[in-house]
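Chain letters run A, B, ... following the sequence lines, proteins first and then strands; every chain starts at 1. For clarity, every value in this text was computed on a predicted model and none was experimentally measured.
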Protein chains: 2
Amino acid sequence: MAENAVQGGTGDIPSGGRPTRPDLAEMVAPLLRTLMAAEQPVLDAHGLTMWAYAVLLHLDETPIRTQAALAEAIRADKTRIIAVLDDLESRALIARRPDPKDRRARLLSLTEEGRRLRDTVQTAIQKGEDRLLAQLPAADRDGFLRGLQALSALAEPGAGDPGQGTTGRRPPPPQ
Amino acid sequence: MAENAVQGGTGDIPSGGRPTRPDLAEMVAPLLRTLMAAEQPVLDAHGLTMWAYAVLLHLDETPIRTQAALAEAIRADKTRIIAVLDDLESRALIARRPDPKDRRARLLSLTEEGRRLRDTVQTAIQKGEDRLLAQLPAADRDGFLRGLQALSALAEPGAGDPGQGTTGRRPPPPQ
DNA sequence: GCACATCGTAAGCACATGCCTACTAATCCC
DNA sequence: GGGATTAGTAGGCATGTGCTTACGATGTGC
């Protein structure tokens, strides 16, 4: 039944034995490359960079009160997203107003046009992703999405290992 | 039954409606970060870079006849892996001999010690990965691994869209 | 009022990456 | 034999990134 299942559940590797499945990173890295390569044309068509798109995505979900918080949320550098925000603001996709309660901070919000663009782009991107997912058996696709969602949540800032912070530079991608 | 399932199968998005799941890349990118962050200490402990580890991994699976082929297999730059190979060779982890049949090419192979190190490192890495996977329900874990394996295979060189080649530079990671 | 901390911003450094251009050695083809 | 081609190597260029420092504006605590 589960004969041709991917081996690799917990405890599948006898101590000292050879691993029986590829490393997760070895599989995740090419997948991310594929996904980003598929996104790129869509983003290009709308004049968005990956960072700008990440801003649009995360700005919509939760109201962000400081640029630093936004930067941390999308794992960007605090000083590097300034140009991104400048561009998005100049195109009226986001609004950046001083917080009345603390005029040091800038209240970031999506404009109606920003929300519209975000919807358009995201729908197009997910349409392409669905073509990929369609190649999976329905059962695997469901488990894949659930597992992916669960595992990615462990990487969110604030979850998992606390105290690690922003230490260390970004390692080169394997494979 | 499938009430709390992740929405996002093919055709779940009515045209014009809002997407109902996060973008795949938005979930895959943090996951890759987590996985690489978990690998790094193990690699450091054995004096390996990500690239060096990728070389050890891919050199073991299939005999590689040219460095260029290896570079393409691990999606590295042909000229950049030379230093990596130099280091691995100087540590007797790989062997690099001129091909008798074509002395321009270098036959690359893992030494016994290289294979031993690869096993040690990979086992340690997968042990950490299994701790992550253990947090998933068994059914999802199986589907996740099968789906991940299938999707990552689509990104392999030679599969999927041919003719794309090495065009374009590496985009920045979203989120 | 004044020292200190925080937010946004600008500028720069160090480093890794992808790409390109030689250059040598070796091979292939005519 | 001689020209074109290929593998490996070395070097450089442009870019993107993380990190640090500095500065002005603002807010907080004493």
Side-chain angles (χ1 to χ4, degrees), chain A residues 29 32-33 36-37 40 43 48-55 64-90 94-108 157 164-175, chain B residues 29 32-33 36-37 40 43 48-55 64-90 94-108 157 164-175:
Chain A
L32 179 59
R33 276 181 184 270
M36 289 203 297
Q40 200 61 62
L43 296 176
L48 292 176
T49 63
M50 291 270 184
W51 293 115
Y53 180 55
V55 167
I64 306 269
R65 45 232 162 282
T66 81
Q67 298 183 182
L70 172 64
E72 188 192 354
I74 65 175
R75 284 188 157 76
D77 189 274
K78 180 181 53 167
T79 71
R80 296 283 174 187
I81 59 166
I82 295 180
V84 177
L85 297 179
D86 287 346
D87 173 60
L88 290 175
E89 188 184 25
S90 76
I94 67 171
R96 185 161 47 163
R97 307 179 320 151
D99 185 345
K101 292 197 287 261
D102 182 348
R103 298 210 311 281
R104 292 172 301 180
R106 317 282 170 168
L107 290 179
L108 301 171
Q164 183 156 319
T166 337
T167 312
R169 65 180 60 250
R170 187 162 64 93
Q175 164 142 210
Chain B
L32 179 60
R33 277 182 183 270
M36 288 202 298
Q40 200 60 62
L43 296 176
L48 290 177
T49 64
M50 290 270 184
W51 293 114
Y53 180 55
V55 167
I64 306 268
R65 45 232 164 281
T66 82
Q67 298 183 180
L70 173 65
E72 188 193 354
I74 64 175
R75 285 188 156 76
D77 189 273
K78 180 182 53 167
T79 71
R80 296 283 174 188
I81 59 166
I82 295 179
V84 177
L85 297 180
D86 287 346
D87 173 60
L88 290 176
E89 188 184 26
S90 75
I94 67 171
R96 184 161 48 162
R97 306 179 321 151
D99 184 344
K101 292 196 289 262
D102 183 348
R103 298 210 310 280
R104 293 173 301 180
R106 318 281 170 170
L107 290 179
L108 300 171
Q164 183 156 317
T166 335
T167 313
R169 64 178 63 250
R170 187 163 63 95
Q175 163 142 213

Among [options], which is the nearest nucleotide to the side chain of [X]?
X        : options                : result
B/Arg104 : C/dA25, C/dA10, D/dA25 : C/dA25
B/Ile82  : C/dA10, C/dA5, D/dT9   : D/dT9
B/Arg33  : D/dT9, C/dT27, D/dG18  : D/dG18

Checklist entry - So, are A/Asp102 and A/Arg104 salt-bridged, with charged N and O less than 4.0 Å apart? => result yes

Under 4.0 Å from OP1 or OP2 of [N]: is there any side-chain N or O of [X] that close?
X        : N      : value
A/Trp51  : D/dT17 : yes
B/Arg106 : D/dT6  : no
B/Arg103 : C/dA25 : no

Next on the checklist: Quick check on DNA chain C: between A/Ala68 and B/Lys101, whose nearest nucleotide comes earlier from the 5' end?
Outcome noted: A/Ala68

Next on the checklist: Using heavy-atom distances to pick each residue's nearest nucleotide on DNA chain C, tell me which of A/Arg80 and A/Ala105 is more 5'.
Outcome noted: A/Ala105

Checklist outcome for this item: Value for CD (B/Glu72) from CD1 (B/Ile81), rounded to nearest 0.5 Å, stands at 11.0 Å

Checklist entry - About how many Å separate CD1 of A/Ile94 and CG of A/Leu85, when rounded to the nearest 0.5 Å? => result 4.5 Å

Roughly, in whole Å, what's the span from [atom1] in [X] to [atom2] in [N]?
X        : N      : atom1 : atom2 : answer
B/Asp99  : C/dT27 : CG    : P     : 9 Å
A/Ile64  : C/dG8  : CD1   : P     : 11 Å
B/Gln67  : D/dT6  : CD    : P     : 17 Å
B/Leu85  : D/dG8  : CG    : P     : 9 Å
A/Arg75  : D/dC19 : CZ    : P     : 12 Å
B/Leu108 : D/dT9  : CG    : P     : 9 Å
B/Asp102 : C/dT27 : CG    : P     : 6 Å
B/Ile81  : C/dC19 : CD1   : P     : 14 Å

Checklist outcome for this item: Comparing nearest nucleotides in DNA chain D, the 5'-proximal residue of the pair B/Thr79, A/Asp77 is B/Thr79

Next on the checklist: Is there a side-chain contact between B/Thr49 and B/Asp87 in this structure, where contact means two heavy atoms from C-beta onward sitting under 4.5 Å apart?
Outcome noted: no

Item to check | Beyond-backbone contact of A/Leu107 with A/Arg65, side-chain heavy atoms, under 4.5 angstrom | outcome: yes

